[in-house]
Amino acid sequence: MKLWGGRFEKATDHSVDDFHSSISFDQRLAEQDILGSIAHATMLGEQNIIPKADADQITSALALMLEEARAGKLTFSVDAEDIHMNMETILTERIGEAGKRLHTGRSRNDQVALDVRIYAKTAIEDAKNNLRALIDALLSIAKDNLVTVMPGYTHLQKAQPITLAHHMMAWIEMLLRDIERLNGAYERADSMPLGSGALAGTTYPLNRDRVRELLGFAKITNNSLDGVADRDFLLEYLSAASISMMHLSRFCEEVILWASAEFQFIELDDGFSTGSSIMPQKKNPDVAELIRGKTGRVYGDLMALLTAMKGLPLAYNKDMQEDKEAFFDAHDNWMKCLTTFTGMMKTARFRAEKMARSAEGGFTNATDAADYLVKKGLPFREAHEVVGKLVLHCIKENKALLDLTLAELKEFSPLFAEDVYEAISILTCVKERNIPGGPAPEAVKAAIANAEEHLARL
Ligand code: ARG
């Protein structure tokens, strides 16, 4: 018989049992469910809502169940529908009468809200740790490549020279914001909902603050309806996951380009590449591609929960049971992507010589040539025009700006002098951009120090 079977005359149709049972996926909340119940029972005993002896019996039985759950030794049944009723059933089978008092002043609605919040807090910590590990790996690439010049791009066309360090720091800034977003989600998840009951609180004198304290939450939820109906914290987690996956996906797109014969900026380690079953020469960036692919899946999880929530009247509705699979799927995939990506970046080899050669082509120093003329007194708009003509000339002659003789340069502007070669050398172009946030090695060194400090505070 169902734990809620009292008012029913017929058994649930078997197809419905199967359909609405969540045990196949919410058994992942086994530990969280038991921890919540231990805190609830402890408080019930302290408040004399249930006999102290019963509370003790419940908490010691639950402590044993916790160990068994951690060891994967508890078995669950679809008949008991979900993790909450499975746990109560097991408990009551073991200790009888006392077990039946556990659910006093509680509903599965506030219970599931609690379990998911506890899980979300740990998931957020995991995500932060994995992001930190990736940031550390990228910081070390940045530190090793302060003067590794490479072309910077806009529209995927060579634009201006930068350094590999500067490029890595751009990704690090994004990942630091990913952690900040998680901190926001954590703050919202860190609110203890027990005491909300099914929707309207309870008549028992529960000590909500004591349960909060026992479970290590920062605060209690403010409204019993909201306490059971709110899944914003999961949506925030999924949004943070989606944005971070978008970052990873963009980064992967670059890795894929950079690993191509056309770029040759990066050589992926054999351990993080795959071959072709037909083409013997192939070494494919499958890991990066799969991360790019999984990004769509994580977006899908966010969309699934946003859509599930959008039409729900207050308070709890069974639709909300759909939150868990989306959340777990996004979490598992994001974590796998982060750790695999970190491994791939840690073992990748950057081809500084190819990057430098590439930066020399494509007129990445054209802006600097114009700036050179500006410093000699020409208005920028005219300087832009002069250098544009120079570039057109070079394209026709198949030359770089630095290949032109001074006599050739002077045909375009008499302001050109011998010092132009130094002024528009690629390394100078980078070093001169010594502005906070810029690519000059000094500026990047400061950015690295700032990022490290920022990371330590997150
Ligand atoms: N398995 C349910 C869920 O995940 C637990 C809450 C069920 N509450 C209810 N009134 N049916 O949402």
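All ligand and atom numbering here is 1-based and tracks the order in the structure.
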for atom 6 (C) of ligand 1, nearest protein heavy atom and its distance come out as Tyr316 OH, 3.4 Å
- Query: Aromatic rings Phe327 and Tyr119: how do their planes relate, parallel, tilted or perpendicular, breaks at 30° and 60°?
  - Reply: perpendicular
Checklist entry - Taking N or O atoms only and a 3.5 Å limit, does Ser22 qualify as a polar contact for ligand 1? => result yes
Any heavy atom of Asp323 under 4.0 Å from ligand 1? The part involved is neither
**Prompt:** With no hydrogens and no angle check, do the side chains of Arg177 and Ser244 hold a donor and an acceptor under 3.5 Å apart?
**Reply:** no
Test item, His84 contacting ligand 1 (heavy atom, 4.0 angstrom)
yes
message: Can you confirm whether Lys283 is buried at NZ, in the sense that more than 12 heavy atoms of other residues, nucleotides or ligands lie under 6.0 Å from that atom?
response: yes
The protein heavy atom nearest to atom 5 (C) of ligand 1 is Asp82 OD2, 3.5 Å
* Asked: So is Lys324 close enough to ligand 1, meaning a heavy atom under 4.0 angstrom away?
  -> yes
re atom 10 (N) of ligand 1, the protein heavy-atom contact at minimum distance is Asn109 OD1, 3.2 Å
*If we ignore angles and hydrogens, is there a donor and acceptor under 3.5 Å between the side chains of Glu173 and His454?*
no
Exercise. Decide whether Lys324 and Ser22 meet the rule of one side-chain donor and one side-chain acceptor closer than 3.5 Å.
Key: no
- Message: Any nitrogen or oxygen of Gln321 lying under 3.5 Å from a nitrogen or oxygen in ligand 1? Just yes or no.
- Response: yes
Heavy-atom proximity to atom 11 (N) of ligand 1 ranks first, among Glu81, Arg108, Met320, for Arg108
For Asn207 and Glu46, which I'm curious about, is there any donor-acceptor pair between the side chains at under 3.5 Å?
no
Item to complete: For the residue pair Leu206 and Val211, establish whether any side-chain heavy-atom pair is separated by less than 4.5 Å.
Response: no
